[in-house]
Amino acid sequence: MTNAEITPAPNFIRAIVEEDIKTGKWDGRVVTRFPPEPNGYLHIGHAKSICLNFGIALEYGGTCHLRFDDTNPTKEEAEYVQSIQEDVRWLGFDWGANIFYASDYFEQLYECAVRLIKKGKAYVCDLSPDQMREYRGTLTKPGKESPYRNRSAEENLDLFSRMRAGEFPDGSRVLRARIDMASGNINMRDPVMYRILRAHHHRTGDKWCIYPLYDFTHCVSDSLERITHSICTLEFEDHRPLYDWFLDELEVYHPQQIEFARLNLTYTVMSKRKLVELVDAGHVRGWDDPRMPTISGMRRRGYSPESIRRFCEVIGVAKRNSTVDAALLEHCVREDLNRKAPRVMSVLRPLRVVLVNYPENREEELEAINNPEDPAMGTRRVPFSRVIYIERDDFREDPPKQFYRLAPGREVRLRYAYYIKCVGVVKDEKSNEVIELHCTYDPETRGGSSPDGRKVKATLHWVSAAHALQAEVRLYESLFLTPTPGEQKGGDFKADINPNSLVVLNSCRVEPGLADAAPGDSYQFERQGYFCVDPDSSPTRLVFNRTATLRDTWAKIEKGLQRS
RNA sequence: UGGGGUGUCGCCAAGCGGUAAGGCACGGGUCUUUGGAACCCGCAUUCGGAGGUUCGAAUCCUCCCACCCCAGCCA
């Protein structure tokens, strides 16, 4: 852990928590919760919330509950509660025994509803959904009171229990809070607390045919769990008066709801609807496609939990709508992987090189450093022979000004090996494409330095043709071409999809040492980037995903060259 | 036209009446057997705008402007 990681940045929520601890508002307790609805996969936006809630609990010696907000059986599935737990755990957080389900509170919620009915604060309403919308009024016009609003408590109690008993068809009646149809805040215009819905629930089965709605459920759940700080996103700010109203009327333990801005990232989309669309339309291979901003996608892409946690720390927490530059996320993985990923040589687009003065049947092993950032990671031996592969991009027949890699007549260093000089270029007769290079090597430069002290400008990675392993490498770019997809083009985010977001290279050659690389392992392919082994990989067919490229100064220069 | 929010560098973000932190990005340099990493330097006389209060304002007051959210029996 870096120092920065254990020194959290100040933000307004931490300030509130610290103040509360100081004043003893909650007797010094800190209890937060991460309350996902199990209706989809977690993404980097959820990670921000997870890090915030679990992070604050950890930091102030409190606890953070994992609570599934499972009050809508038509959308929720057990499969998701599984994947959510996996993702939270993978991110590095532990809820201990504190795993809860809103559905566990159904009986208590029902009792709370009965209490409100008895108080005259809730009533059964027979308006149809259409009528209800009509009666609600608009943003600028107040609503009208329902004709059922003044039913007696006895009648409401009777009706509500019969709703539960299944005497009425789906959607025929609801239980509503009796608040204020003229409120400027539409959430306070007698919001629905319960609906009749005959659907199989992933945990309660067919026990219930009425289900509570979010506003009623959430505050009561928080109260039952004695949450201190109920942290949610900005769109719930308008719901806070309702959160407070329910708890005040119920006269129960009352946590404080605090809202923060959700995360947006450039060059991607975050809404569940859009993510579903990408998967369904086949623009990606699934929820865990390495191009997806889902936790499972990022995991497959090679992002480490540490890098995601670090990212969530450096972006900060505030109430301003913002869109974080994807470059910051990239920076966070590089920072982490630079310290941890073993270096390895791998040639993505091979160009055959014959060392004409190297003995035909000779081979040798050269020592290579596993990670210059961490000597403790040791060294390894890499085989070398007369025929090697280098990267096609590392040779130019007619090199531009600032290109100082290999070119006819030019000498460069092969990393950990020898200096070589290009003495011949073999081309395909028809296409005129360069298919092979002839080079001489200098036996005096074994290991990569010359006794006469002469310098070479470039160091190339390479792989011995006879020893290298074939591999498939999947190169990823951002899923979208524009920083905020759909901003132009009439809001159609799919029009901004990057057609080159995935490029598959099939004839890559990697160091033989990679033979037993296991899915999930991360490496730095020297001079190219960070790559990890995909679950599709097998001993007979290695498959790597590019997590991120290395910062590439030459690419920048080249781009500038093209422009001028 | 109702209600709730937010406006500090290209992107995030500290700051809470005492004279604009930090990160990313960007530009320049040192070093280098990764054009990587590391390191150094530069990068808001100014805080949405206009007034006002004050010895002193990004921070307090007034007005204005811009943007975001809300009319599911979703969460």
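Throughout, a chain's letter reflects where its sequence line sits, starting with A, and its residues are numbered from 1. Values below: all heavy atoms of this structure, side chains included; hydrogens, waters and symmetry mates excluded.
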For A:Met132, answer base if it contacts any base atom (sugar-phosphate contacts may also be present), sugar-phosphate if it contacts only those atoms, and nothing otherwise; contact means non-hydrogen atoms under 4.0 Å.
base
Nearest-Å distance for atom pair CG/P, residues A:Leu127 and B:C73
11 Å
Rounded to whole Å, the CG-C1' distance (A:Leu197 to B:C73) equals 8 Å
In Watson-Crick or G-U wobble terms, with both distances under 3.5 Å, the base opposite B:U62 is B:A50
Holding to side-chain hydrogen bond (donor to acceptor under 3.5 Å, both in side chains), I want the full list of residues that pass it with A:Ser449, two or more places apart in sequence or in another chain.
none
Look at all strands and tell whether A:Phe236 reaches a base, only sugar-phosphate, or nothing, counting heavy atoms closer than 4.0 Å.
base
How would you list, by chain and number, every residue that makes a side-chain contact (heavy atoms from CB on, under 4.5 Å) with A:Asn185, sequence neighbours excluded?
A:Ser183, A:Asn187, A:Met188, A:Asp238, A:Pro241
Checking N1-N3 plus N6-O4 or O6-N4 for Watson-Crick, or N1-O2 and O6-N3 for wobble, each under 3.5 Å, the partner of B:G2 is B:C70
Qualifying salt bridge (Lys or Arg N to Asp or Glu O under 4.0 Å) pairs, either residue in residues 163-173 of chain A, two or more places apart
A:Glu107-A:Arg164, A:Asp126-A:Arg173, A:Arg162-A:Glu167, A:Asp170-A:Arg198
Any strand counts, and the cut-off is 3.5 Å on both contacts for Watson-Crick or G-U wobble. Which nucleotide pairs with B:G42?
B:C26
How long is the line joining CZ of A:Phe311 and P of B:G22, in whole Å?
21 Å
Answer syn or anti for B:G5, where the cut-off is 90° from 0 on the glycosidic torsion.
anti
Check the surroundings of atom NZ in A:Lys272: do more than 12 heavy atoms from other residues, nucleotides or ligands lie under 6.0 Å from it?
yes
Winner on side-chain proximity to A:Thr140, out of B:C69, B:A75, B:U1, is B:U1
Pairs touching residues 370-383 of chain A that satisfy salt bridge (Lys or Arg N to Asp or Glu O under 4.0 Å), sequence neighbours left out
A:Glu365-A:Arg381, A:Arg380-A:Glu511
Hits for ring pair (Phe, Tyr, Trp, His ring centres under 6.0 Å) against A:Tyr148, two or more places apart or cross-chain, chain-then-number order -> none
Between A:Arg195 and A:His331, which is nearer to the 5' end of RNA chain B once each is assigned its nearest nucleotide?
A:His331
Please classify the nucleic acid contact of A:Ser322 as base, sugar-phosphate, or nothing, using heavy-atom distances under 4.0 Å.
sugar-phosphate
Sequence neighbours excluded, the answer for ring pair (Phe, Tyr, Trp, His ring centres under 6.0 Å) partners of A:Trp245 is none
Whole-Å distance between B:C24 P and A:Leu329 CG?
14 Å
With a 4.0 Å cutoff (strictly under), does any side-chain N or O of A:Arg136 reach OP1 or OP2 of B:G72?
yes
Using both distances under 3.5 Å as the test, list the Watson-Crick or G-U wobble partner of B:A57, or none.
none
When we call it a touch if two heavy atoms are under 4.0 Å apart, what does A:Ile315 touch: a base, just sugar-phosphate, or nothing?
sugar-phosphate
Test ring pair (Phe, Tyr, Trp, His ring centres under 6.0 Å) applied to A:Tyr101 - qualifying residues, sequence neighbours left out
A:Phe68
Who passes ring pair (Phe, Tyr, Trp, His ring centres under 6.0 Å) against A:Phe236, sequence neighbours left out?
A:Tyr214, A:His239
Quick one: label A:Val456 by what it contacts on the DNA or RNA (base, sugar-phosphate, nothing), any heavy atom closer than 4.0 Å.
nothing
Straight-line distance of A:Asn53 CG to A:Lys48 NZ, nearest 0.5 Å:
12.0 Å
In whole Å, I'd like the distance from the CZ atom of A:Phe160 to the C1' atom of B:C73.
13 Å
Name the nucleic acid region contacted by A:Asn72, choosing base, sugar-phosphate or nothing; use a 4.0 angstrom heavy-atom cut-off, strictly under.
sugar-phosphate
For RNA chain B, find the residues of residues 169-186 of chain A with a heavy-atom distance under 4.0 Å and give them by number; none if there aren't any.
A:Gly171, A:Val174, A:Gly184, A:Asn185, A:Ile186
Which residues share a side-chain hydrogen bond (donor to acceptor under 3.5 Å, both in side chains) with A:His331, sequence neighbours left out
none
Classify A:Thr233 by what it touches in the nucleic acid, base, sugar-phosphate, or nothing, heavy-atom distance under 4.0 Å.
nothing
Base, sugar-phosphate or nothing for A:His239? Non-hydrogen atoms, less than 4.0 Å.
base
Using a distance-only test with no angle check, is there a side-chain donor-acceptor pair under 3.5 angstrom linking A:Glu526 and A:His461?
no
Can you give me the N/O atom pairs linking the protein to nucleotides 5-7 of chain B at distances under 3.5 Å, or say none if there are none?
{"from": "B:G5", "atom 1": "O2'", "to": "A:Glu237", "atom 2": "OE1", "distance (Å)": "3.3"}

With a non-hydrogen cut-off below 4.0 angstrom, is A:Glu526 in contact with a base, only sugar-phosphate, or nothing?
base
In whole angstrom, what separates A:Lys556's NZ from B:G28's C1'?
12 Å
I want to verify a distance call: between B:G3, B:C74, B:G27, whose nearest atom is closest to the A:Lys75 side chain?
B:C74
Go along nucleotides 35-44 of chain B 5' to 3' and tag each nucleotide: B for a protein heavy atom under 4.0 Å from its base, S when only backbone or sugar atoms are that close, - otherwise.
BBS-------
